[in-house]
Structures are given as C-alpha cells and as structure tokens.
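Remarks on the structure that follows.
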Amino acid sequence: MNVLSAKHERIVNVPKAYLWKRISDFKNVGTLLPPPIIDEVKCNSNDIGSLRYLKLGEKQKYPGEIIERLEAIYDQSFFVYSIVDTSCLPVRNYIAKIALKEISQKKTEASISSNWIDKSSSSEEMKKMFESLYELMFLNSERQYTEISNNGS
C-alpha cells in the first residue's frame with residue numbers, strides 16, 4: 001500500500017471571512033474551479049455528510065465522476081472532505097483538510113493537506129496535480145475577490 005500526501009500553504013490576499021465563505025460553500029465548488037476543471041457539480045447542501053458529485057472536464061487527464069463527502073467543519077477555520085466510492089482519479093481513501101488563520105484584515109494563512117492511497121504508476125504525478133489544484137483554488141479566490149472589490153468601488 002502506497003500512502004501519499006500533498007500539502008500547499010501560503011498567504012492568500014483576501015480576508016479570512018471571504019476565503020472561508022468560498023471554501024466552505026461545498027455545493028458551489030464549481031465557482032472556485034470552473035470549467036474546464038469541473039464541468040458540473042451536483043450537491044444539495046453544505047451540511048456535514050453531504051455528497052457532491054463532480055464531473056471533471058474532458059480536457060482533464062482524468063475525466064469523469066468524483067463523489068466527495070463533507071466530513072467536518074469547525075470554527076470557520078477547519079474544513080474536511082473526502083472522496084467516497086470509486087472515482088475517475090487513480091486514488092482511493094482520499095481525505096483533505098483545509099485550515100485558515102487570519103493574518104490581517106486582507107490576508108489569510110491558508111493550508112490544504114491531503115492523504116490518499118495511490119493506484120497509479122506515477123505517484124509523484126498525483127501529488128503535483130493536487131498541489132496545483134490547491135494553488136488554483138487560492139488564485140481563483142484572490143482573482144474573484146479583486147473583481148468584487150473593484151466593481152464595488
């Protein structure tokens with residue numbers, strides 16, 4: 001059994017409340033990772049135990065369906081989700097934790113870490129893919145916050 005992990009940490013240039021709102025909006029992850037990453041999201045709630053069905057775009061290396069479950073939310077700072085069942089990704093038992101800490105009014109220390117059992121022949125490939133995906137979530141949060149801020153002024 002080959003258990004791997006990925007981790008991405010950095011200061012995200014948005015208020016913690018904004019980043020928390022975006023990260024914890026489980027059913028609307030498609031706004032953080034729009035096509036061509038995620039083509040479709042089906043989810044009815046942001047409650048613990050909720051399932052979301054993601055359809056990865058055909059342009060992705062691993063197109064197809066992923067089913068994720070919201071495992072835990074705590075203190076507007078910690079968020080945990082997992083991949084359940086089988087998925088189009090060559091991983092099993094994937095679980096991820098997101099932790100946020102306010103640094104200033106417009107800066108948040110953010111960390112996403114995950115663990116999984118690898119089913120592929122190139123274990124480093126999945127690590128790089130997940131870490132790139134986590135960075136994209138942070139970048140999109142910053143871009144979207146800047147757009148909102150500029151439209152409000």
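Predicted model, so just to flag it, every value in this text is computed and none were measured.
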(message) Is there a side chain to side chain contact (heavy atoms under 4.5 Å, CB included) between Leu54 and Ile67? Walk through the geometry before answering.
(response) CA-CA 6 Å; Leu54 308 176; Ile67 303 170; over 6 Å; no
(request) Could you go through the side chain to side chain contact (heavy atoms under 4.5 Å, CB included) check for Phe26 and Cys43 one step at a time? (result) CA-CA 8 Å; Phe26 190 66; Cys43 183; 3.7 Å; yes
How long is the gap from [atom1] on [X] to [atom2] on [Y], to the nearest 0.5 Å?
X: Asn140; Y: Glu135; atom1: CG; atom2: CD; result: 9.5 Å
X: Met126; Y: Leu89; atom1: CE; atom2: CG; result: 5.0 Å
X: Lys59; Y: Asp39; atom1: NZ; atom2: CG; result: 9.0 Å
X: Asn115; Y: Ser82; atom1: CG; atom2: OG; result: 12.0 Å
X: Ser5; Y: Asp118; atom1: OG; atom2: CG; result: 11.5 Å
X: Tyr134; Y: Leu33; atom1: OH; atom2: CG; result: 11.0 Å

Are [Y] and [X] connected into the same hydrophobic cluster when the rule is that any two of I, L, V, M, F, W, Y join if their side-chain heavy atoms are below 4.5 Å apart?
X: Tyr18; Y: Phe138; result: yes
X: Tyr53; Y: Ile95; result: no
X: Leu51; Y: Leu32; result: no
X: Val84; Y: Leu70; result: no
X: Leu100; Y: Phe78; result: no

(request) Decide salt bridge (charged side-chain N to carboxylate O under 4.0 Å, His left out) for Lys97 and Glu71; before the verdict, give the C-alpha distance in whole Å, the side-chain angles of both, and the deciding distance to 0.1 Å. (result) CA-CA 10 Å; Lys97 175 193 79 160; Glu71 302 290 353; over 6 Å; no
For [X] and [Y], which I'm curious about, is there any donor-acceptor pair between the side chains at under 3.5 Å?
X: Lys7; Y: Ser114; answer: no
X: Lys27; Y: Asn46; answer: no
X: Glu102; Y: Thr108; answer: no

(message) Once you measure the plane-to-plane angle for Tyr81 and Phe79, does it fall in the parallel (<30°), tilted (30-60°) or perpendicular (>60°) bin?
(response) tilted
Which atom of [X] lies closest to which atom of [Y], heavy atoms considered:
X: Ser24; Y: Trp20; answer: OG-O, 2.7 Å
X: Cys88; Y: Tyr62; answer: SG-O, 3.2 Å
X: Ala110; Y: Val12; answer: CB-CG2, 3.7 Å
X: Glu68; Y: Ile66; answer: CG-CG2, 3.8 Å
X: Val41; Y: Gly30; answer: CG2-N, 3.8 Å
X: Ile23; Y: Met137; answer: CD1-CE, 3.9 Å

(message) For a side-chain hydrogen bond (donor to acceptor under 3.5 Å, both in side chains) check, start with the C-alpha distance between Thr31 and Arg22, then their side-chain angles and the critical distance, and finish with the verdict.
(response) CA-CA 9 Å; Thr31 63; Arg22 300 308 319 279; 2.5 Å; yes
(request) Dump the intermediate steps for salt bridge (charged side-chain N to carboxylate O under 4.0 Å, His left out) on Glu131 and Lys127, then the final yes or no. (result) CA-CA 6 Å; Glu131 289 172 351; Lys127 177 179 169 47; 2.8 Å; yes
(request) Take Ile83 and Arg69 through the test side chain to side chain contact (heavy atoms under 4.5 Å, CB included) and record every step on the way to the result. (result) CA-CA 6 Å; Ile83 294 176; Arg69 179 175 50 226; over 6 Å; no
Salt-bridge criterion met for [X] and [Y] (N-O under 4.0 Å):
X: Arg10; Y: Glu109; result: no
X: Lys101; Y: Glu9; result: no
X: Lys55; Y: Glu65; result: no

(request) Report, as yes or no, whether the 6.0 Å neighbourhood of atom CG on Asn44 holds more than 12 heavy atoms from other residues, nucleotides or ligands. (result) no
Would you say the side-chain atoms of [X] pair up with the backbone N or O of [Y], donor to acceptor, closer than 3.5 Å?
X: Gln60; Y: Pro36; value: yes
X: Ser149; Y: Glu147; value: no
X: Lys61; Y: Met129; value: no

(request) Apply side chain to side chain contact (heavy atoms under 4.5 Å, CB included) to Phe130 and Val91, showing your working. (result) CA-CA 11 Å; Phe130 285 128; Val91 301; 4.2 Å; yes
(message) Can you confirm whether Leu133 sits close enough to Ile37 that some side-chain heavy atom of one is under 4.5 Å from a side-chain heavy atom of the other?
(response)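 Yes, at least one pair of side-chain atoms sits under 4.5 Å.
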